[in-house]
Amino acid sequence: QVQLVESGGGLVQAGGSLRLSCAISGGANLRIENVGWYRQAPGNERELVAQLTNTRIATYADFVEGRFTISRDNAKKTVYLQMVNLNPEDTAVYFCQAFIDQFGDLETRAYWGQGTQVTVSP
């Protein structure tokens, strides 16, 4: 079974930094295509934070304003979101998403992690 597990969330003061990790596991022939980070704050819809293609082309939401960096380590099958200069508006549950070819047969679908809480105090 394919599984995505986020970690690295927590409580940080405004102006602080966090690095989120998304560990992807599955079968021996698993291939990871595009990946992304989304977030959902209380009362809000889930929104895109960052995307990264399998050729390492990154796209960010406007609110990121250069503060976040999405990256991936294909050997470790891990996706990262480095966040600096956090503000209270960044408080949300952050979800990892990955488009995965589970069996190496070019049939790809989207998978989601359970999310990790990021709380930024004023």
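Computed over heavy atoms, backbone and side chain alike; hydrogens, waters and symmetry mates excluded.
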| Those residues that, when tested against Phe103, pass side chain to side chain contact (heavy atoms under 4.5 Å, CB included) (two or more places apart) | Asp105
| query | Which residues satisfy the side chain to side chain contact (heavy atoms under 4.5 Å, CB included) test with Arg109, sequence neighbours excluded? | reply | Tyr111
Side-chain donor-acceptor distances from residues 7-30 under 3.5 Å, at least two apart:
none

Residues which pass side chain to side chain donor-acceptor pair (under 3.5 Å) with [X], listed by chain and number, not counting sequence neighbours:
| X | result |
| --- | --- |
| Asn85 | none |
| Gln114 | none |
| Gln117 | Thr119 |

| field | Closest contact, heavy atoms only, Ala110 versus Gln97 | value | CB-NE2, 4.2 Å
To the nearest 0.5 Å, what is the distance between [atom1] on [X] and [atom2] on [Y]?
| X | Y | atom1 | atom2 | result |
| --- | --- | --- | --- | --- |
| Gln102 | Gln1 | CD | CD | 6.5 Å |
| Thr69 | Leu81 | OG1 | CG | 8.0 Å |
| Asn54 | Ile32 | CG | CD1 | 10.5 Å |

| query | Any link between Val84 and Val49 through a network of hydrophobic side chains (Ile, Leu, Val, Met, Phe, Trp, Tyr) touching at under 4.5 Å? | reply | no
| said: Check this for me: Arg31, atom CZ, are more than 12 non-hydrogen atoms of other residues, nucleotides or ligands nearer than 6.0 Å? | reply: no
| said: Filter on disulfide (SG to SG under 2.5 Å), then keep only pairs touching residues 36-92, sequence neighbours left out; what's left? | reply: none
| remark: Connected to Phe99, directly or through other members, by ILVMFWY side-chain contacts below 4.5 Å are none
| query | Hydrophobic cluster mates of Phe95, side-chain heavy atoms under 4.5 angstrom, ILVMFWY only, any path? | reply | Tyr38, Leu48, Val93, Trp112
| field | Heavy-atom donor-acceptor pair, Asp101 side chain to Leu106 backbone, under 3.5 Å | value | yes
| Got a sec, which pairs hit salt bridge (charged side-chain N to carboxylate O under 4.0 Å, His left out) with one end in residues 84-95, sequence neighbours left out? | Arg39-Asp90, Arg67-Asp90
| query | Excluding sequence neighbours, so at least two apart, what forms ring pair (Phe, Tyr, Trp, His ring centres under 6.0 Å) with Tyr80? | reply | none
Run the side-chain donor-acceptor check on residues 55-64: report pairs under 3.5 Å with partners two or more places apart or on a different chain.
unit_1: Thr55; atom_1: OG1; unit_2: Thr53; atom_2: OG1; d: 3.0
unit_1: Arg56; atom_1: NH2; unit_2: Arg72; atom_2: O; d: 3.1
unit_1: Tyr60; atom_1: OH; unit_2: Ile70; atom_2: N; d: 3.0

